[in-house]
Amino acid sequence: MVLELQNITMQFGGVTAIDDLSFGVQTGEIYGLIGPNGAGKTTLFNIVTGNYTQTKGTVLFHNEELSGLKPNMIVQKGIARTFQNIRLFKSMSVLDNVLIGFHNQANYSYFESILRLPRYFMYEKNIKREAMDILERFGIAEYADTNASSMSYGNQRKVEIARALATNPKLLLLDEPAAGMNPNETEDLSQIILKIKKEYGLTILLIEHDMKFVNNMCDKVLVLDYGEEIFEGKPADAIVDEKVVAAYLGDFKHA
C-alpha cells in the first residue's frame, strides 16, 4: 500500500463528516473518490495532506504515520495535491508558477542565494530546464512567459497539476481535475494524466464527478455518502450499484 487510511473519523463540532472509514491505495493505481456533494471527499484530501487533523484513526504513507505533520512536511514526504478551486499565483507567469513547486528541493543555503554563489545559479538553471520539460509534457510550454491569469480555464488546470508534479511526488491527489472543462479538454487531460503517471511512476488519488472520466481513468473507486463507504470496486460496477444510484438520484423504491 502507498496510502492506507485506518478507521478515519472527522467531526466538526456535532457534525460527523467522515465516519470510521478505512481504505488503501496500491502502488501505481489510479483510485477514485466519488459521491454526491458533501459526501466528505475533499475532507479526506485535507486529512491526508495535513490541512485537517482527524478526530480518530490513522493515516499511513508507505507505512509511515502522517498524523500531526504539517502540510509542507507531507509534501516533502512525497504527497502533492491540486484543489477543487484552482489556486495559482495569477500575477505570475506560467513558468514561475511551476518553479514554485521546486522550492522544497532546493540544495543551496540562504546565504548562497543572497550572495548569488555558483551552486545557486546551477540549481536555478536546472530547475528551469525541468520546469520547461514538465510544461512540454502538458503541451503548454509556449505559454511559459504568459501571465497565469490570462490562460484558459483548462490550461490553468494543467498549470496547477504541473506545479504539483514539480514537487516530485510519489502520490498525486487531484481534486476534480476535469471540473469546468469541455469534452475535448477532458479527453486531452485524461491522456496527459495517464502519460505522466507512467513516466513519473505516480500513484494517483482523485476526486471527480465526471463518471466517463472516472470510468476511463480509474482502476478502482470508493463511493462515499455522508462520510460513509457505500461501495468499493470497479467504476463500471459502481454506476449500476443500487446504493450508489440511490445516493445520486434518490431511492425510487421508497419514493
Looking at every heavy atom in both [X] and [Y], which two are closest together, and how far apart are they?
X	Y	answer
Asn182	Glu185	OD1-N, 2.8 Å
Thr167	Ala80	OG1-CB, 3.3 Å
Gly35	Val223	CA-CG1, 4.4 Å
Ser149	Gln156	O-NE2, 3.8 Å
Ser91	Asn147	O-ND2, 3.4 Å
Phe83	Arg157	O-NH1, 3.0 Å

Counting C-beta onward and ignoring hydrogens, is there a side-chain heavy-atom pair between [X] and [Y] closer than 4.5 Å?
X	Y	answer
Arg81	Ile74	no
Thr203	Leu172	no
His62	Leu3	no
Val214	Pro235	yes
Thr49	Pro71	no
Val48	Leu173	yes

*asked:* Pairing donors with acceptors under 3.5 angstrom, does anything connect the side chains of Gln54 and Ser67?
replied: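 Their side chains do contain a donor-acceptor pair, which is all the 3.5 Å distance test asks for.
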*Does a donor on one side chain sit under 3.5 Å from an acceptor on the other, for Thr42 and Asp175?*
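Looking only at side-chain atoms, Asp175 and Thr42 do form a donor-acceptor pair, the distance falling under 3.5 Å.
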*Where does the angle between the aromatic ring planes of Phe23 and Tyr31 fall among parallel (under 30°), tilted (30 to 60°) and perpendicular (over 60°)?*
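Ring orientation of Phe23 relative to Tyr31: parallel.
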Between [X] (side chain only) and [Y] (backbone N and O only), is there a donor and an acceptor less than 3.5 Å apart?
X	Y	value
Thr82	Glu160	no
Lys41	Pro36	yes
Asp96	Met92	no
Glu176	Ala179	no
Glu130	Ile127	no
Glu208	Ala178	yes
Asn97	Phe89	yes
Ser152	Asn155	yes

Let me confirm one number: the [atom1]-[atom2] distance from [X] to [Y], rounded to the nearest 0.5 Å.
X	Y	atom1	atom2	result
Cys218	Leu205	SG	CG	9.0 Å
Ile161	Ile134	CD1	CD1	12.0 Å
Thr43	Gln11	OG1	CD	12.5 Å
Leu224	Asp19	CG	CG	11.0 Å
Gln76	Leu69	CD	CG	10.0 Å
Leu44	Ile18	CG	CD1	4.0 Å

_I'd like to know if Asp188 pairs up with Lys158 as an ion pair, taking the criterion as any Lys NZ or Arg NE/NH1/NH2 lying under 4.0 Å from an Asp or Glu carboxylate oxygen._
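Answer for the salt bridge query: yes.
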*asked:* Is it the case that over 12 heavy atoms from other parts of the model lie below 6.0 angstrom from the NZ atom of Lys197?
replied: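 Yes, because the 6.0 Å sphere around NZ of Lys197 holds more than 12 heavy atoms from other groups.
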*Using the ring pair (Phe, Tyr, Trp, His ring centres under 6.0 Å) rule, take Tyr52 and Phe45 through it: C-alpha gap first, then chi angles, then the decisive distance, then the call.*
CA-CA 9 Å; Tyr52 293 163; Phe45 268 29; over 10 Å; no
